[in-house]
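All chains are named by letter (A, B, ...) in the order of the sequence lines, taking the proteins before the strands, and each is independently numbered beginning at 1. Bear in mind that the values here come from a model prediction, so they are computed numbers and not experimental data. Heavy-atom basis, side chains included; hydrogens, waters and symmetry copies ignored.
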Amino acid sequence: MRPLERVEARDKVTGAARYAIEYPVEGAAHVVAVAATIGRGEIESVAAAEVLAMPGVLAVLSCENAPKLNSVDDAELEVFQSRTVSYRGQLVAAVVAETLETAREAAARLRIGYRAEQHDVHLRDGQSGFRADVDQGDPEAALAEAAVSIDETYTTPAEHNNPMEPHATLAEWNEDGLTVHDSNQGSTTVRDTLAKVFDLDPAKVRVISPHVGGGFGSKGTPRPTAVLAAMAAREVKRPVKLAFTRQQMFSMTGYRTPTIQRVRLGADADGRLSAIVHEVIEQNSTVREFTEKTAGPSRIMYRAPHRRMAHRLVQLDVPATSWMRGPGETPGMWGLESAMDELAVTMGIDPIELRIRNEPETSPEDGLPWSSRNLVACLREGAERFGWTGRRAGREGRTLTGMGVASATYPVNREPNTATARAEPDGRFTVRIAAADIGTGARTALTLIAAEALKADPGRVTVEIGNSDLPKASLAGGSTGTASWGTAVHNACEALLAELDAPIPPEGVEVTVDTKEELESQEKYARHAFGAHFVEVRVDIDTGEVRVPRMLGVFAAGRIINPTTARSQLIGGMTMGLGMALMEESTMDLEFGDYLNHDLAQYHVPVCADVRDLEAIWLDEKDPHLNPMGSKGIGEIGIVGAAAAVANAVHHATGVRVRDLPITPSRLLPSL
Amino acid sequence: MEPDMESENVSGEPPVRAEITLIVNGREHRLAVDTRASLLDVLREELGLTGTKKGCDHGQCGACTILVGGRRANGCLALAVAHDGADIVTVEGLAHGDELSPLQAAFIERDAFQCGYCTPGQLCSATAVLDEAARGWPSVVTPDVAAEPELDEPEIRERMSGNICRCGAYVNIVAAVRQAAARETAGRRPTERQAAGREAAGHGGAGQGPTEREAAR
Ligand code: FES
Ligand code: FES
């Protein structure tokens with residue numbers, strides 16, 4: 001398809017695009033959340049009366065006065081339903097006031113009495129057993145017999161999503177029920193959840209979210225902001241605005257668990273793998289169970305008859321872990337692709353060649369045929385473009401240079417969706433679906449998909465998304481958005497086109513479709529996107545600072561729907577991967593039990609000066625087994641192999657293997 | 001910032017308000033602001049100018065970047081009461097009527113954003129970057145601090161590093177700023193550049209900078 005600039009581009013550069021709490025609303029009060037200051041224990045008292053005496057304070061909400069809510073799957077949403085404090089930084093109270101300034105001051109002054117217990121927030125090799133996802137053959141015996149083996153432990157720290165727009169909700173009750181303008185990755189899900197929590201008919205809840213300032217997974221599940229804002233608005237009988245502060249986002253909105261990964265590889269003398277063992281320890285809060293499927297990618301990446309992939313969740317008094325861009329794949333491929341590089345170095349085989357030798361014909365997980373798998377083509381194309389052949393570690397003055405490579409993968413899934421397509425007599429089309437555009441370019445991609453199915457110019461198509469009143473849709477998550485919504489949009493438009501033989505009547509023609517059946521009858525294939533990351537590094541011998549002058553990602557992700565926004569998403573993922581490699585790290589304060597560096601001054605993400613020559617390209621991959629568009633998701637694969645590629649390049653340049661992310665000067669310098 | 005809860009009594013006094021005047025995007029506003037309020041919150045909550053974003057409220061992300069007296073500033077770090085009479089330009093004031101500034105147009109052309117939440121700050125910052133370079137202000141990466149700085153990629157990256165984009169649009173942001181800078185340089189003779197440099201404002205292009213627009217009003 002030909003590239004299309006973002007449909008909402010003009011609104012975004014003029015400031016007209018409104019995000020959650022930016023909707024003009026009369027008489028809104030302001031809510032400021034209060035976080036627990038103990039790591040574990042009970043709330044004994046909330047000195048609400050003191051701050052209620054402050055002029056302009058309208059209400060204090062806490063476990064002492066909160067209305068009873070229905071519970072849902074996620075206990076994070078049971079706002080103020082108990083006196084238990086499960087982690088430091090947990091949402092324990094809120095102040096509602098006439099102005100933001102007063103609410104903020106009152107929240108800071110609110111005294112909460114606690115009975116503190118000793119917390120445990122230290123992730124370590126604990127006692128409980130592993131939960132094995134995959135157990136094939138006899139990996140221990142295969143490792144013992146292997147000509148060459150690798151047995152190393154790789155770690156990733158806790159990482160925080162940090163979308164630029166904080167989690168925020170504007171809530172308003174009226175005779176029609178509850179309306180929220182909310183920052184989320186799926187308005188249907190938020191609506192259904194709020195309906196359950198407040199015991200309402202879902203038809204009485206409206207979630208409006210046309211523009212969302214990023215999420216990266218952290219807005220994929222409904223967040224306490226939505227529940228708290230709705231509760232507060234009902235309490236003060238006025239609309240309210242609530243945004244978590246950047247600091248609160250480090251405990252209240254999810255993050256990626258730290259991981260400790262032991263990876264063992266066994267290979268014959270030619271580098272053919274006989275065994276892959278990937279065992280992962282990661283943390284869980286006591287509030288919400290969440291498994292980061294870190295060993296997941298090892299199930300499908302390489303051929304090996306003997307395999308074991310296992311996770312152990314250690315329950316700690318920590319904030320609730322959740323999705324962050326490429327959950328599972330991103331930390332898991334750091335471990336696996338570092339180990340593969342170590343094996344290549346040990347055996348003196350080119351890292352690309354080693355991967356090619358272990359290319360599986362069918363999915364090692366279940367023997368299913370690949371719908372398409374072009375990892376090798378990505379590696380070869382990248383090698384050619386990046387100048388991989390004959391790569392040499394170099395030295396220029398006090399700088400060491402080198403190159404690294406790593407593979408990437410991400411599963412291709414689809415969720416059932418509904419969509420409506422409508423034709424007007426004036427030749428215009430409207431497509432409706434409660435999809436979300438969190439910066440992915442979904443609105444634009446769906447416009448292209450609709451236009452193609454309608455055989456119409458995109459200029460004649462309006463796509464309405466970001467509102468729970470629209471036909472119900474799945475989340476923007478797991479790189480499923482465009483494929484899932486797109487199937488519904490495509491099918492609705494195709495069905496509409498079939499009805500457009502006669503002239504369109506004044507009331508228009510409308511068609512609604514549901515993709516549930518189509519998805520259920522889908523043929524069985526192993527569907528995954530693949531990619532290869534190439535990285536060049538420059539390492540300062542005296543400071544240990546790593547710079548990345550060049551980074552190339554080559555992806556095989558089916559048909560790319562909108563090249564303009566696709567490239568942006570891929571380079572965006574790679575940029576986040578650069579951050580993961582070199583700077584992102586949330587440090588747990590064992591004494592106090594929360595993340596110490598909980599703001600953007602201390603949690604470092606890449607800025608403009610960190611990103612130099614960074615490019616993403618893709619292969620022209622035709623896969624008939626995916627969906628009507630032939631597309632695979634691209635929101636996450638850009639980050640997946642990035643960190644390992646950087647570390648592998650650092651090893652190439654310096655001979656130092658860093659197995660703990662991020663690769664900061666303090667980790668690298670002592671070994672230089 | 002954090003009040004000492006043990007020793008300080010909770011105040012029963014109403015918030016203190018002060019009357020100030022702000023000129024925002026060429027319009028004068030008379031306001032009684034809470035003396036605790038930041039410029040950012042006054043713009044967003046009092047004036048309804050929500051184009052300026054809050055990403056951190058602590059001067060750490062650049063989402064709230066606005067032009068105050070022609071210079072870029074973090075709206076979240078500026079107390080409104082301390083800016084009586086200030087001349088402010090926000091993202092809403094960058095376009096010339098319906099005509100986008102060259103930077104805004106370049107941001108669209110280069111897809112220099114995804115979610116768009118950092119974009120107003122990036123645009124205000126970039127507007128000031130063009131102006132700072134036109135005035136001959138060097139940056140830490142300028143090779144010859146006495147020479148007129150050329151807005152090449154390293155210069156732009158350095159000068160734009162106060163604005164975080166978590167979506168990771170930097171590659172495209174640099175391309176967009178470079179494109180706008182090149183157009184501006186091409187459309188301006190050296191003498192004009194110096195003259196403009198004395199004025200306090202960003203330059204969206206010859207005759208389109210906020211200062212010129214303000215003068216025209
Ligand atoms: S909101 Fe002002 S710098 Fe982040
Ligand atoms: S466009 Fe999303 S943060 Fe920059």
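What you find for A:Y19 and B:G116 is that their closest heavy atoms are OH-C, 3.2 Å. Residues A:G572 and B:Q114 share a closest heavy-atom pair of CA-NE2, 4.1 Å. Heavy-atom minimum distance, A:G15 versus B:V91: CA-CG1, 3.7 Å.
For a residue to count as touching a neighbouring chain, one of its non-hydrogen atoms must lie under 4.5 Å from one of that chain's; by this rule A:I438 touches chain B with the backbone only. At a 4.5 Å heavy-atom cutoff, A:D437 makes no contact with chain B through either its backbone or its side chain. Residue A:V611 touches chain B through both its backbone and its side chain, counting heavy-atom pairs closer than 4.5 Å.
Residues B:F113 and A:R6 form a side-chain contact, since some pair of their non-hydrogen atoms from C-beta on lies under 4.5 Å apart. The closest side-chain heavy-atom distance from B:C61 to A:M164 is below 4.5 Å. A 4.5 Å side-chain heavy-atom check between A:M551 and B:V171 finds every atom pair outside the cut-off. Inter-residue side-chain proximity for B:N172 and A:R567 is flagged as met; some heavy-atom pair is nearer than 4.5 Å. Contact of the B:D34 side chain with the A:E98 side chain is not registered, since no non-hydrogen atoms from C-beta on lie closer than 4.5 Å. Inter-residue side-chain proximity for B:Q104 and A:R10 is flagged as unmet; no heavy-atom pair is nearer than 4.5 Å. With contacts defined as side-chain heavy-atom distances shorter than 4.5 Å, the pair B:R44/A:I21 qualifies. A heavy-atom distance below 4.5 Å is found between the side chains of B:R36 and A:T102.
A:E101 contributes atom CD, which lies 8.0 Å from atom CD of B:E45 (distance to the nearest 0.5 angstrom).
Partners of A:R612 according to the side-chain contact (heavy atoms from CB on, under 4.5 Å) rule, which considers only residues two or more places apart in sequence or in another chain, are A:R547, B:R157. Partners of A:Q602 by side-chain contact (heavy atoms from CB on, under 4.5 Å), not counting sequence neighbours, listed by chain and number: A:N597, A:D599. By the side-chain hydrogen bond (donor to acceptor under 3.5 Å, both in side chains) test, B:T65 pairs with B:N163, sequence neighbours left out.
Using a 4.5 Å cut-off between non-hydrogen atoms, the part of residues 27-34 of chain A that approaches chain B consists of A:H30.
Looking only at distances, a side-chain donor or acceptor of B:Y170 sits under 3.5 Å from a matching main-chain atom of A:P606.
Side-chain contact annotation: A:S568 with B:D111, donor-acceptor N/O pair under 3.5 Å present.
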